[in-house]
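The next block holds one structure in the form of structure tokens; read it before the comments.
Keep in mind that this is a model prediction, so the values were computed, not measured.
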Amino acid sequence: MNNNTNLCVKVGVVIHNFVTDSLIKYEFVMKRIIIVLIIFLKVILSFAQNYDESKVGNYRLPHLLVSENKNRVSSFTDWENIRRPEILKLFEDNVYGMVPTYFDDISFKVINEDNKAMDGKATLKEVDITVTRNQKTVTMHLFMFTPNNINKPVPMFLVINHRGTKTMDITRQNIDGFWPAEDVINSGYGISGFDVKDISPDNKENFINGVLDQLYPEQLEMNNGMRALGAWGWGASRVIDYFETDSSIDETKIISVGHSRGGKASLWFGAQDKRVAITISNESGNSGAALSRRNFGETVEVITKNFPHWFCPNYPQYANNEDKLPVDQHMLLALIAPRAVYVASAAEDLWADPKGQYLALYEAQPTFNLYGIDTNLPVKMPEINKQIIESHLGFHNREGKHNMTPYDWQQFIKFANIYFNR
Ligand code: GTR
């Protein structure tokens, strides 16, 4: 090679290295730019939600007490025979999907029992609940404490828990205010819970890895088939199947509790399983207790984009199209009548629309009134930290952020004490 050729090769190598380096750097920078853009868009999207009461606009709720053949429902028998089944079906077909109640076998195994838990105040039980259909099984794991100082069956709180087993520490070394077992036991109630992932993992990629692919694969083919929220409620029903066999529990006094996504599941569960005496929704927000037609906080568009696995495939058609929904969420609360409903909010949790949650409860009242249940909720939402109880209906709007806290639990217990006359 002569000197000129040598020089050309050297220059070529330098240019090649420069271009490759730049490309690598460029790719690196591009990736970063794209990530920043995505975060930015997400932030914009969350700010794009309306938090201005004056921009909520007018909306018309679907009629709670007018049946599909346009007849006014004026008795609880007409409600139970005509309107209630209609509304239940509308929620199945358009929002949450149906919930199958059939299976071949269910069995319960107490795998751990300790009657000296909480320094002797409580009995701990861990129970495996196994359900079989078509030779396939799913096992869910139940945690529960019952108070030792009560010699008759106790009312039981059941938490549909999406925050994991870490919040239900059986050793009580790590006490979490989300599941404040000591407070509940000291008030004379039992407390229990299960991790929703035993039933359907809370993830759009693998939510089917539980009851859906094992027991009910046909539901996945259906546009009104069960999805995660319905499946979690299905699991809660299996827990009540167990409670019915355990003499330490008063199965006529089961209280379902769920926070946020768990609160949505709690409402849909309480609407269907009449063995639930009190249904509690803590900050369940959009597609839970909040009215969908109020343009405030989270919307059907955002929730169905972020969490498609919670709902049946028919639901996203109502994104930005809430007026076309044949139901609104006050009708979900009404489905629970004549059993009790408690709606809890947090003042800083605007994403969940505290006022929209209160108004849904307010709008559900006519159904309770059909049963002669005298409720007179004011149209104005109660002040922060002021609990309101009107017979079978209760509400509070706690100060602070999105969470379920010992304060919320104190309100639940107060409500249950009054409702159960304890
Ligand atoms: C949010 C979701 C809410 C609520 C919440 C939760 O990201 O938008 O609807 O369910 O999660 O479960 O904590």
Inset, instruction - Answer with yes or no whether the side chains of Ser256 and Ser266 bring together a donor and an acceptor at under 3.5 Å. - result: yes

Legend entry - Closest non-hydrogen atom pair between Gly120 and Asn148, with its separation: O-ND2, 2.9 Å

Inset, instruction - Indicate yes or no: at least one non-hydrogen side-chain atom of Val184 is less than 4.5 angstrom from one of Ile413. - result: yes

Legend entry - Polar contact flag, side-chain donor to acceptor under 3.5 angstrom, Asn320-Glu301: yes

Inset, instruction - With sequence neighbours excluded, give me every ring pair (Phe, Tyr, Trp, His ring centres under 6.0 Å) pair touching residues 325-345. - result: Tyr342-His396, Tyr342-Phe412, Tyr342-Phe415

Legend entry - Close side-chain approach of Leu158 and Val257, heavy atoms under 4.5 Å: no

Inset, instruction - Would you name the heavy atoms of Gln219 and Met226 that are closest together and state the gap between them? - result: OE1-N, 2.8 Å

Inset, instruction - Using the six-membered ring wherever Trp is involved, compare the ring planes of Phe420 and Tyr189 and label them parallel, tilted or perpendicular (cut-offs 30° and 60°). - result: tilted

Inset, instruction - Check the pair Thr405, Asn403 against side-chain hydrogen bond (donor to acceptor under 3.5 Å, both in side chains), reporting the backbone distance first and the verdict last. - result: CA-CA 6 Å; Thr405 70; Asn403 198 3; over 6 Å; no

Legend entry - The single option from Arg261, Lys401, Lys264, Arg398 passing salt bridge (charged side-chain N to carboxylate O under 4.0 Å, His left out) against Glu283: Arg398

Legend entry - Asn94-Tyr318 side chain donor-acceptor pair, cut-off 3.5 Å: yes

Legend entry - Trp232 (side chain) donor-acceptor with Phe269 (main chain) under 3.5 angstrom: no

Legend entry - Side-chain donor/acceptor of Asn186 to backbone N/O of Glu182, under 3.5 Å: yes

Inset, instruction - Would you tell me whether Glu399 and Asn385 have side-chain atoms, one donor and one acceptor, within less than 3.5 Å of each other? - result: yes

Inset, instruction - Take the angle between the ring planes of Phe307 and His309 and call it parallel below 30°, perpendicular above 60°, tilted in between. - result: tilted

